[in-house]
Amino acid sequence: MNDAALDRRDSAARHRLDGLSAAEAARRLAAEGPNTLPDRTRRGWRTILGEAAREPMFLLLVGAALLYLPLGEPRESMFLLLMVVLMLGMTLYQEGRTERALQALRDLSAPASTVVRDGHRQRVPAADLVPGDVVVLTEGDRVPADAVVVETNGLLADESLLTGESVPVGKRAGVASAPPAPPGGADLPWVFAGSLVVQGDALAQVTATGANSELGRIGAALGAIRPPSGRLQQETQTLARRLAMLGLTVSVLLVLLLGWRAGNWLQALLAGVALSMSVLPAEFPVILTVFPAIGAWRLARHRVLTRRLAAIEILGSTSVLCVDKTGTLTENRMALRRLWQAGAGHDVAPGVPLAPALRDLLDAAVRASRPQSPDPLEEALRQAEAAQPARAAREPHANLVREYGLTATRPALIRIWSDGTASFAAAKGAPETIAALCAEEERAPALAAAADMARAGLRVLAVAEARGIAPPWPDDPAAWRYRLLGLVALADPLRADIPDAVAECRRAGVRVLMITGDHPETACAIARQAGLADGDAVTGPELARLDAAELAARLEGVSVCARIVPGQKLAIVRALQRHGAIVAMTGDGVNDAPALRAANVGVAMGLRGTDVAREAAELTLLDDRFPALVQALRAGRRIFSNMRKSMRYVAAAHVPITVLALLPPLLGWPVLLYPAHIVFLELVIDPACSLAFENEPEEPDLMRRPPRPHDESVLDRRALLAALLRGLWAASLVAACYGWALARLPEREAAATAFAAVILCNLGLLLSHRQRGLLAALRTVNPVFGAIVAGALGLLSAALWLPPLADLFRFAPPPAGWLGVSALTAVVMLLGLQITRDRAPGR
């Protein structure tokens, strides 16, 4: 190949590694489309309206509207159809609000990739990748698109998503060819969307995106897969089906009874439709959809991303928070504070040069570090060295020839350097590990000094070197003879807001367990600063000697787990769960994924976490702050509490409506509630259950209660019984009011009086379910509740005094004194609920 050809090839290679320009990437994105699979979980307004129109409530409304036509009552028919349109609009608003919240969560949780554009590395949404882009792949990344590897450093990829084979395969650099080999082959240059980088790093040029990728061709149906329903959804769907069947059965019996008694089958059918509508709990699905979605959106505003909505219902029952120390409790901002060498300790002051022997210790520590590592500890060592005056290097021409990485059994990094004639090894790691590689007489003083510095809360590393070594390099570097150079101690200060957050957890009955790879003394010092409960510290080597039952018993009363390797986190989670704990676990690395998946709530770090950790977790802390996790726990409790209030209110509110739709015909009284009346009441219940309770502030003692049992239902039998009793109390009072009014007033005035009592009692039930006490509910500000009350009273006034509406509802304005009777009925109901509140089941 001549020089010109070589120049052209080198220029093309440089252009390829510089990536596309931003303008060219934008042009290709417009032409190729986004790098996404079809997502059929997103619902537009047409889909929402179509689903709502198939709901039983709307079908019953349309059926009632059609029944009014042969009865010669077109106004009632038009009114019901108008109500259908209005309720569809409300549904569109509620579901649209939920869908917008879910879309905001999708946008936040959309994967991002590091791409080379205009010669610079930058983070962009994976959806914006286009063919020709150069992406940077590192350990823990999910490959965002099909690509050909152009540069690699020991890249291993897990392609089991596409092949079913869990053994990672190695990749080599190559050039694009068509077509690429199928996934799963070893020593090939192609990587595929959806596969996982388990080791090494690489640059790869995108060849196919979205539906054109291998994953897109064989797995486009993934976009239509919905996660399984949570426990709450399943329980509530079962309850709703049972109530619907009960309502249908009773409605049929009522139709047969009224039709046989009076012979007017159309009127009987209308009464049966009204009864079915009164029993049907159409609000339950709304509650289970709106509350978690809007709650997750609120959490996202506090920098906590909820990847799976089912985690919302678990947060409120979390009893143990397992948290990392570095970056979660501490600032993850290391700084060199102290050096120890030859039996003496030396504080490191900014701007003060080190003595030559101490400088040699620092230089060796840097040689035992990776130059581009994001590890804040190694970054602190590099910064400390850079702050020292320049001097001639000890090994001016040494090159790195071999590296021995950290392992579960050897928490140390050993790097071999050579100047062409002589080689040496620089080692850095846990003091006990490095000391074990050195002469026995060097160990005791170093370990004692390390313990002293650890008790001061410093992160301590030992540094050693081995001289006079030569290839071939062994598999185990422990065979060499090392000389201990000294210790380096770094400080990672506790975050200022940690003590308050930990104290809040303790008041809430939530145990905080610190899990770290640090020295036990360092971990205990930080734990004391954070205010963790006093208890033993257990170490990884100790845990490794215990079986499952012994481990579960050993963790009782422990507040610190030190010298833990990532693989032991899974054992800790399972041991805690074995004793009945509901565990939230934080993690950031590839090896943390099993523990995150096994925990009841996995929590990934957004700043320093890997893609694998984020995908395995239910929550992602976008700023890695522990108080944000406590905020999520608080929000989870609030959401579950408000869901429970809302569902109990719905169960209670339907009882007086059902009783008053059923009782008057059975007693021979004039029918009080027709479909139009039911629709009117639904206009109060629907927004109340979703809007008012979703916006309800938390109760003052929310974070002073112990975690609720995980198997506690949002509407268990006791709670359902309590709601039914409250509803029956309201129903009995309104029925008495109606009977009394019928004996003393014309039929239409009596009906208006009773209907006003129904509305006011419904609002009273809403008020009584907001907080644990009536006075607390009145003192707690909720603008949405106020708006619903004002709207309900305004609609009631229109129905009583606006002649067209009053005639439609078969009402006549009652005397003012009888409206006072309606209000008194609601007041008596509230007083009765307040008196019996403490003894009622389910509170």
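The structure places CZ of Arg367 at 14.0 Å from CG of Leu413, a figure rounded to the nearest 0.5 Å. Between the CZ atom of Arg402 and the CD1 atom of Ile414 there is a distance of 10.5 Å, given to the nearest 0.5 Å. Considering CG of Asp419 and CG of Asn399, their distance stands at 8.5 Å, rounded to 0.5 Å.
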**OP:** Test Leu619 against Val601 for side chain to side chain contact (heavy atoms under 4.5 Å, CB included), laying out the working first.
**Re:** CA-CA 7 Å; Leu619 301 180; Val601 180; 3.9 Å; yes

**OP:** Please report the C-alpha distance between Val603 and Glu618 in whole Å, then the side-chain angles of each, then the deciding distance to 0.1 Å, and finally whether the side chain to side chain contact (heavy atoms under 4.5 Å, CB included) criterion is met.
**Re:** CA-CA 6 Å; Val603 183; Glu618 284 79 19; over 6 Å; no

**OP:** Kindly indicate, with the supporting measurements, whether the criterion side chain to side chain contact (heavy atoms under 4.5 Å, CB included) is fulfilled by Thr318 and Leu321.
**Re:** CA-CA 7 Å; Thr318 298; Leu321 294 180; 3.7 Å; yes

**OP:** Kindly determine whether Asp492 and Thr330 satisfy side-chain hydrogen bond (donor to acceptor under 3.5 Å, both in side chains), including the steps that lead there.
**Re:** CA-CA 6 Å; Asp492 183 11; Thr330 62; 2.5 Å; yes

Subject >> Verdict with supporting geometry, Leu494 and Ile526, side chain to side chain contact (heavy atoms under 4.5 Å, CB included) >> reply: CA-CA 7 Å; Leu494 188 77; Ile526 294 297; 3.9 Å; yes

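Using a 4.0 Å cut-off between charged side-chain N and carboxylate O, Arg625 and Asp497 make a salt bridge. Salt bridge annotation for Arg382-Glu379: present, with a cationic side-chain nitrogen under 4.0 angstrom from a carboxylate oxygen. Ion pair Asp363/Arg359 flagged as a salt bridge, since at least one NZ, NE, NH1 or NH2 atom sits closer than 4.0 Å to an Asp/Glu carboxylate oxygen.
Without hydrogens or angle criteria, Thr138 side chain to Asp201 main chain gives no donor-acceptor distance under 3.5 Å. Asn600 places no side-chain N or O within donor-acceptor distance of the main-chain N or O of Ala584, the cut-off being under 3.5 Å. A donor-acceptor pair under 3.5 Å is formed between the side chain of Ser369 and the backbone N or O of Ala365. Gln568 places a side-chain N or O within donor-acceptor distance of the main-chain N or O of Gly540, the cut-off being under 3.5 Å.
Listed by chain and residue number, Arg455 satisfy the salt bridge (Lys or Arg N to Asp or Glu O under 4.0 Å) test with Asp452 (two or more places apart in sequence, or in another chain). Legend: residues meeting side chain to side chain donor-acceptor pair (under 3.5 Å) with Glu442, ordered by chain and number and at least two apart, are absent. For Thr328, the side chain to side chain contact (heavy atoms under 4.5 Å, CB included) test picks out Val323, Asp324, Met605, Arg608, Phe626, with sequence neighbours left out. Scanning for salt bridge (Lys or Arg N to Asp or Glu O under 4.0 Å) contacts around Arg563 gives Glu432, with sequence neighbours left out. Every residue was checked against the salt bridge (Lys or Arg N to Asp or Glu O under 4.0 Å) condition with Arg495, not counting sequence neighbours, and none meets it. The side chain to side chain contact (heavy atoms under 4.5 Å, CB included) test applied to Asp500 returns no partner, not counting sequence neighbours. Here Pro189 pairs with Val148, Arg172 under the side chain to side chain contact (heavy atoms under 4.5 Å, CB included) rule; sequence neighbours left out. Evaluation of the side chain to side chain donor-acceptor pair (under 3.5 Å) rule for Arg481 yields no partner, not counting sequence neighbours. Among residues two or more places apart in sequence or in another chain, the side chain to side chain donor-acceptor pair (under 3.5 Å) test is passed with Ser113 by none. Residues satisfying the salt bridge (Lys or Arg N to Asp or Glu O under 4.0 Å) test with Lys325, not counting sequence neighbours, are Asp518. By the side chain to side chain contact (heavy atoms under 4.5 Å, CB included) test, Gln631 is found to be paired with His302, Arg634, residues two or more places apart in sequence or in another chain being considered.
Smallest separation of non-hydrogen atoms from Gly405 and Arg370: CA-NH2, 4.3 Å. Counting all heavy atoms, side chain and backbone alike, Leu596 lies closest to Gly587 at CD2-N, 3.7 Å. Heavy atoms only, all atoms of each residue included: Ala202 and Leu155 are closest at CB-CD2, 3.8 Å. Pairing each heavy atom of Leu490 with each of Ala380, the nearest pair is CD2-CB, 3.6 Å. Across every non-hydrogen atom of Gly602 and Ala617, the tightest pair is O-CB, 3.2 Å. The two atoms that bring Val206 and Ala145 nearest to each other are CG1-CB, 3.9 Å, heavy atoms only.
When the shell of 6.0 Å around CZ of Arg443 is examined, it contains more than 12 heavy atoms from other residues, nucleotides or ligands.
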With a 3.5 Å cut-off and sequence neighbours excluded, list the donor-acceptor pairs that the side chains of residues 334-353 form with protein atoms.
{"unit_1": "Arg338", "atom_1": "NH1", "unit_2": "Asp347", "atom_2": "OD1", "d": "2.4"}

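Taking the side chain as every heavy atom from C-beta outward, Tyr404 and Ile416 approach each other to under 4.5 Å. Using a 4.5 Å heavy-atom threshold, the side chains of Leu543 and Ile564 count as touching. Side-chain contact between Leu156 and Val169 is absent, with no heavy atoms from C-beta onward closer than 4.5 Å. You'll find the side chain of Asp133 stays beyond 4.5 Å of the side chain of Gln205, heavy atoms only. Residues Leu513 and Arg511 form a side-chain contact, since some pair of their non-hydrogen atoms from C-beta on lies under 4.5 Å apart. Within the 4.5 Å cutoff, side-chain heavy atoms of Leu555 are placed close to those of Ile572. With contacts defined as side-chain heavy-atom distances shorter than 4.5 Å, the pair Leu129/Val115 qualifies. Residues Val143 and Val197 form a side-chain contact, since some pair of their non-hydrogen atoms from C-beta on lies under 4.5 Å apart.
Partner of Val463 under the side chain to side chain contact (heavy atoms under 4.5 Å, CB included) criterion, out of Ile434, Leu381, Leu361: Leu361 alone. A side chain to side chain contact (heavy atoms under 4.5 Å, CB included) with Lys428 is found for one member of Glu465, Arg415, Glu378 and no other, namely Glu378.
Using cut-offs of 30° and 60° on the angle between ring planes, the pair Phe424 and Trp417 is parallel.
Inspection of the Arg121 and Thr114 side chains reveals no N or O donor paired with an N or O acceptor under 3.5 Å.
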